[in-house]
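Report on the following structure.
In what follows, chains are A, B, ... by sequence order, proteins preceding strands, each numbered from 1.
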Protein chains: 2
Amino acid sequence: MSSVSPSAPRTGPAGAPPAGSRPGGRSARVRAAVHRAVKELVADESGDALTIPVVAARAGVHATTVYRRWGSVGELLSDVATSRFTGGFVVPDTGSLRGDLERYAANMARDLSDPDTLALVRATLGSGGEQGAAACQGDRRQQLAAILEREEARGGGTPSLDHLTDALVAPLYYRAVFTDLPLATAWARDLVARLLPDEAPQLPADR
Amino acid sequence: MSSVSPSAPRTGPAGAPPAGSRPGGRSARVRAAVHRAVKELVADESGDALTIPVVAARAGVHATTVYRRWGSVGELLSDVATSRFTGGFVVPDTGSLRGDLERYAANMARDLSDPDTLALVRATLGSGGEQGAAACQGDRRQQLAAILEREEARGGGTPSLDHLTDALVAPLYYRAVFTDLPLATAWARDLVARLLPDEAPQLPADR
DNA sequence: CCAGTATCGCACCGATGACTGCTTTTATTG
DNA sequence: CAATAAAAGCAGTCATCGGTGCGATACTGG
């Protein structure tokens, strides 16, 4: 008998700067504060239940505001995850497919190695449902597609996007989320090596 | 100021039939009822918050019982996930590594395709923390190790367990948890094919 | 069949989470 | 600079979650 709050005005759909209304200073500041509070609380992992009042209190914002802008913890987490995982890092351009992928995989590995990030992913999956799951991927697909497209323009035959996801993205995410194995960059490079048979690796030293 | 309940007697560590104490009729029945209630509630996905009182009510069990046997929602979910994912299906034995893996991957795909199972995984990840994540894997590693060991006894060189995880388990889980792409058995077979180059597939018709 | 004990049900309490009108502040627009 | 409307703050209500002490119950071993 809950879950639906038919009254909330909620102008913007809780995504980025509210569509056409008021991107002004305060809203943005509140949004940032809430986002940071969520990240911190999720990172703390004190089993603090991550509830709206707690988030609001830590953000120095009134709970009402959070209730109105975001409807529930799930939506809030999805929003945070979205802005955390989209536009994050730039797509590498090393000149070769292998180089791009190795760089990209290494970036992803480093990103997912952060315990705070990992906690955010888990929490978002837990209460963000289908939407939250999507949010945890961010641009990944577009970014990989861009790499692939560039390589195609360059000439060579490329693996499909799905194949790439299976061979690269999936192992990274799986290890991070489900196991406690370390996400070494050497291992990430191995993934690329298995995906692209033969020929020597492009990046001798990492970063 | 929560998370630790120093008083609870809690004889069995909330795992399977209580170690040496009392596997008797009622306890087992209660346990089963609670487990089923959790599964149903998680499956319902009504955003019902999945709280202890709610679980207890649906199980027809008093909340106190749940509080005492399991300490928190996280532990409860971990327990349910563990018993859901361990000893589930038998390790296939088709006589060849490829056959075993294809069969195993297909089973896993079918298993993870169930929306209820998926919801359980997500919820467990969300509030079960590290332990919950481990619980979602069940015997997978041992089972794959068994398949590998059998193949080694048979003679052939086998891929490493980690490699197997990256190439098979990870994509399955990733697709299920993070995307809404279907987990077709044909695709699962492709995964095996990419893992084991050359030679024709062993199972012409599935199941 | 009986004693012993683990386990469950019941009544109860404090704390706090979810949600709602109303007022006040702040950003935009002319 | 003034008017307007959106968004945030405030106070307060209601439901219910988390947790405890005690008595009743059912399982186990002799």
- Using 4.0 Å as the upper bound for N to carboxylate O, is an ion pair formed by B/Lys39 and B/Asp44? no
- Query: Can you tell me if A/Arg84 and A/His35 form a side-chain donor-acceptor pair at under 3.5 Å?
  - Reply: no
- Out of D/dG18, C/dA18, D/dA8, which has the shortest distance to the side chain of A/Tyr67? C/dA18
- Task: Please check if atom CD in B/Gln142 has more than 12 non-hydrogen atoms from other residues, nucleotides or ligands closer than 6.0 Å.
- Result: yes
- Message: Report for the helix from C/dC1-D/dG30 to C/dG30-D/dC1: angle between first-end and last-end helix axes, five pairs each, rounded to 10 degrees.
- Response: 50°
- Note on the structure: Here the distance between atom P of C/dA18 and atom CD of A/Glu75, to the nearest Å, is 13 Å
- Message: Between P on D/dA8 and CD1 on A/Ile52, what's the gap in Å once rounded to a whole number?
- Response: 14 Å
- Task: State, yes or no, whether a side-chain contact exists between B/Leu77 and B/Val38 at a heavy-atom distance under 4.5 Å.
- Result: yes
- Message: Under 4.0 Å between a side-chain nitrogen and a carboxylate oxygen: does that hold for B/Asp93 and B/Arg103?
- Response: no
- Message: In whole Å, I'd like the distance from the CG atom of A/Leu50 to the P atom of C/dG17.
- Response: 11 Å
- Would you mind reading off the distance between A/Arg31 atom CZ and C/dT26 atom C1', rounded to a whole angstrom? 19 Å
- Query: Rounded to whole angstroms, how far apart are CG on A/Leu76 and C1' on C/dA18?
  - Reply: 15 Å
- Looking at A/Arg122 and A/Asp116, does any basic side-chain N land under 4.0 Å from a carboxylate oxygen? no
- Closest non-hydrogen atoms of A/Ala63 and A/Ile52, given as atom of the first, atom of the second and distance, are O-CG2, 4.2 Å
- Side chains of A/Arg110 and A/Thr185: is there a donor and an acceptor less than 3.5 Å apart? no
- Message: If you assign each of B/Gly60 and A/Val54 to its closest nucleotide in DNA chain C, which residue comes earlier from the 5' end?
- Response: B/Gly60
Considering only nitrogen or oxygen atoms on both sides, find all protein atoms under 3.5 Å from nucleotides 23-25 of chain C and state each distance.
none

- Task: Could you tell me if the ring centre of A/Tyr174 sits under 6.0 Å from that of B/Tyr174?
- Result: no
- Looking at A/Trp70, does the NZ or CZ of A/Arg31 lie under 6.0 angstrom from its six-membered ring centre and within 45 degrees of the ring axis? no
- Query: For B/Arg69 and C/dG9, what is the distance between atoms CZ and P respectively, to the nearest whole Å?
  - Reply: 11 Å
- Query: Nearest of C/dG17, D/dC17, D/dA7 to any side-chain atom of A/Thr51?
  - Reply: C/dG17
- Looking only at side chains, do A/Trp187 and B/Asp166 share a donor and an acceptor under 3.5 Å apart? yes
Nucleotides 10-12 of chain C: which of its N/O atoms have a protein N/O under 3.5 Å away?
residue : atom : partner : partner atom : Å
C/dC10  : OP2  : B/His62 : ND1          : 3.2
C/dC10  : N4   : B/Thr64 : OG1          : 2.9

